[in-house]
Amino acid sequence: MATTKLDRALVARTALDLLNETGLEGLTLRAIAQRLDVKAPALYWHFKDKQALLDEMATELMRRMSEDFLADPDPDWRVALTGSMRGLRAHLLRYRDGAKVYSGTHFTDTSYAAPMEAHLRVLTAAGFPPAAAARAWFTVYSYTIGYVIEEQATGPDPARGDDGYDLVARAARLADYPLAAAAGEEVFRDHDRGFEAGLAAVVAGIGATLGATGSG
């Protein structure tokens, strides 16, 4: 049996290590216990269920991101938001189903607060009222997580050995809907370019609708 002290952080780190092998659906407390060389019931001392584990995994992801996010945000709010969301996406893509693990969870500590505070300060300094700054941050943050969920769901996924969405088959199914069929190339190919185009649209929309009075 392993002699390493078992704690929440170790279990979460091990789960993240396993994620690229198993994906979220295959990630079980039993598999984590086997990797740690302990009996599965030992993990229930630390996590009452899989959701509690996912909360800790998401928090560990945030801890790993926070150093990047805590680098002084650019005083131009557009540059700051764009850069932070590029960083969020890059971190989530390091893990199979990383965005699914991260979304809809509750952080177990306040590691998210300092980077959030820093970016809200940039926004308020640019003239956003505090409520509008919060809405701006949450909007671009939600776009990024949602985009990566779809990106990871449609592939390509080297871990599964697939090349992603079969656009030829999709186009055949949608033969009576030519615009919808053609949209597949835009939606399901070149995710990097697609993310940047959508991010630019979201940031521009924030500037136009949420009330910044300064140019940043």
Side-chain angles (χ1 to χ4, degrees), residues 16 19-27 54 57-58 61-62 64-65 68-69 73-74 76-105 116 119 122-123 126 128 132-212 215-216:
L16 286 171
L19 193 60
N20 284 333
E21 300 175 21
T22 67
L24 182 56
E25 289 187 6
L27 185 67
L54 292 176
M57 290 170 68
L61 280 172
M62 173 51 71
R64 296 177 184 188
M65 296 178 204
D68 291 345
F69 288 163
D74 193 287
D76 184 322
W77 68 267
R78 296 172 184 84
V79 175
L81 279 187
T82 299
S84 64
M85 293 306 111
R86 285 171 178 162
L88 174 58
R89 175 174 175 255
H91 275 280
L92 295 177
L93 286 174
R94 292 176 185 173
Y95 305 92
R96 182 176 170 187
D97 295 329
K100 285 184 179 179
V101 169
Y102 189 77
S103 66
T105 52
M116 182 178 183
H119 285 86
V122 170
L123 287 159
F128 285 81
R135 179 56 55 193
W137 170 260
F138 187 69
T139 297
V140 73
Y141 178 81
S142 298
Y143 161 75
T144 302
I145 295 171
Y147 188 96
V148 180
I149 288 175
E150 293 297 324
E151 178 179 7
Q152 292 185 314
T154 58
D157 184 355
R160 287 196 300 258
D162 65 48
D163 296 323
Y165 213 121
D166 186 342
L167 292 185
V168 174
R170 180 182 182 276
R173 290 194 302 271
L174 297 177
D176 293 335
Y177 308 94
L179 292 176
E185 286 293 334
E186 178 64 25
V187 174
F188 300 113
R189 290 286 187 263
D190 197 349
H191 291 297
D192 291 341
R193 183 185 62 79
F195 175 75
E196 290 294 330
L199 181 60
V202 172
V203 171
I206 287 170
T209 63
L210 290 177
S215 63

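By convention here, the first residue in the shown sequence is residue 1. Remember, predicted model here, so these are calculated numbers, not experimental data.
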query = How many angstroms lie between CD in Glu196 and CZ in Arg89, if you round to the nearest 0.5 Å?
reply = 7.5 Å
query = What residues, two or more places apart in sequence or in another chain, satisfy side-chain hydrogen bond (donor to acceptor under 3.5 Å, both in side chains) together with Tyr95?
reply = Arg64
message = Working to the nearest 0.5 angstrom, can you tell me the gap between Ile206 CD1 and Leu81 CG?
response = 5.5 Å
inquiry  = Applying side-chain contact (heavy atoms from CB on, under 4.5 Å), can you list everything that pairs with Ser103, at least two apart in sequence or on another chain?
reply    = Ile145, Ile149
Contacts of Thr82 that satisfy side-chain contact (heavy atoms from CB on, under 4.5 Å) - sequence neighbours left out = Arg86, Leu199, Val203
request  = Write down the atom of Phe195, the atom of Met85, and the distance for their closest heavy-atom approach.
outcome  = CZ-O, 3.8 Å
Those residues that, when tested against Arg135, pass side-chain hydrogen bond (donor to acceptor under 3.5 Å, both in side chains) (two or more places apart) = none
note = For Ala126 and Trp77, the nearest pair of non-hydrogen atoms, with its separation, is CB-CD1, 3.5 Å
Plane angle bin for Tyr143 and Tyr147 - parallel if under 30°, tilted between 30 and 60°, otherwise perpendicular = tilted
key: Pairs satisfying side-chain hydrogen bond (donor to acceptor under 3.5 Å, both in side chains), at least one member in residues 166-180, at least two apart   = none
query = Looking at residues at least two apart in the chain, or sitting in another chain, which of them share a side-chain contact (heavy atoms from CB on, under 4.5 Å) with Glu150?
reply = none
Residue list, salt bridge (charged side-chain N to carboxylate O under 4.0 Å, His left out) with Glu185, at least two apart or on another chain = none
request  = Taking all non-hydrogen atoms of both residues into account, name the closest pair between Asp97 and Gly23 and its distance.
outcome  = OD2-CA, 3.4 Å
